[in-house]
Peer 1: 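Here you go, one structure.
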Amino acid sequence: MTNNNFGEDFYEHVYRVVAEIPEGRVTTYGAIASYLGIASGARMVGYALNKSHKAGIPAHRVLNRLGQLTGRAHFPDDTMRERLQQENISFTEEYTVDIEKHFWNPNEMS
DNA sequence: CCCGTGACTGGCA
DNA sequence: ATGCCAGCCACGG
């Protein structure tokens, strides 16, 4: 166990939120952290996703606040970029998507 | 137990 | 506008 108030539940919550991101939409580490009540826990979200490789969630839809695919190194080859392009998400740079255009806020969860 | 590391971020130079 | 820096906090060595 850890000395925080979240423990393993925190990761579960992260996975649940990520699983709700609609196709063709993206969100950020910070947005998820904020939604879970930990404004400064963006890094923890990233850490959770790193450990989520077998959770079967669309982790490729989580980017940093600038829309950069900072987690691409954790996917095989260009899997992260390829999946996003397959969802018709537009890029402004080779590894940067139009975050403004596709941003999905966790609070909009249906 | 201390220290470095990181899928981050906001603020300041 | 661009870039650097200091907080951030769980984890592993």
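Proteins get letters first, then strands, A, B, ... in listed order; numbering begins at 1 in each.
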Peer 1: With a cut-off of 6.0 Å (strictly less than), are more than 12 heavy atoms of other residues, nucleotides or ligands near CD of A:Glu108?
Peer 2: yes
Peer 1: What closest approach, in Å, do A:Ile99 and A:Gly67 show between heavy atoms, and which atom pair accounts for it?
Peer 2: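 Smallest interatomic distance, heavy atoms only, reads CB-CA, 3.9 Å.
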Peer 1: Measure CD/A:Glu12 against P/C:dA10 and give the value in whole Å, please.
Peer 2: 17 Å
Peer 1: Among A:Val17, A:Thr28, A:Val18, find the residue that satisfies the side chain to side chain contact (heavy atoms under 4.5 Å, CB included) test when tested with A:Pro106.
Peer 2: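 For A:Pro106, the side chain to side chain contact (heavy atoms under 4.5 Å, CB included) check succeeds only for A:Val17.
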Peer 1: Which nucleotide, if any, forms a Watson-Crick or G-U wobble pair with C:dA6, using both distances under 3.5 Å?
Peer 2: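 Check on C:dA6: paired to B:dT9, both distances under 3.5 Å.
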Peer 1: Closest heavy-atom contact between A:Phe103 and A:Ala31?
Peer 2: CZ-CB, 4.0 Å
Peer 1: For a quick check, with a 4.0 angstrom heavy-atom cut-off, what is the B/S/- contact string for nucleotides 5-10 of chain B, read 5' to 3'?
Peer 2: -BBBSB
Peer 1: If we ignore angles and hydrogens, is there a donor and acceptor under 3.5 Å between the side chains of A:His60 and A:Glu87?
Peer 2: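 There is such a pair between these side chains.
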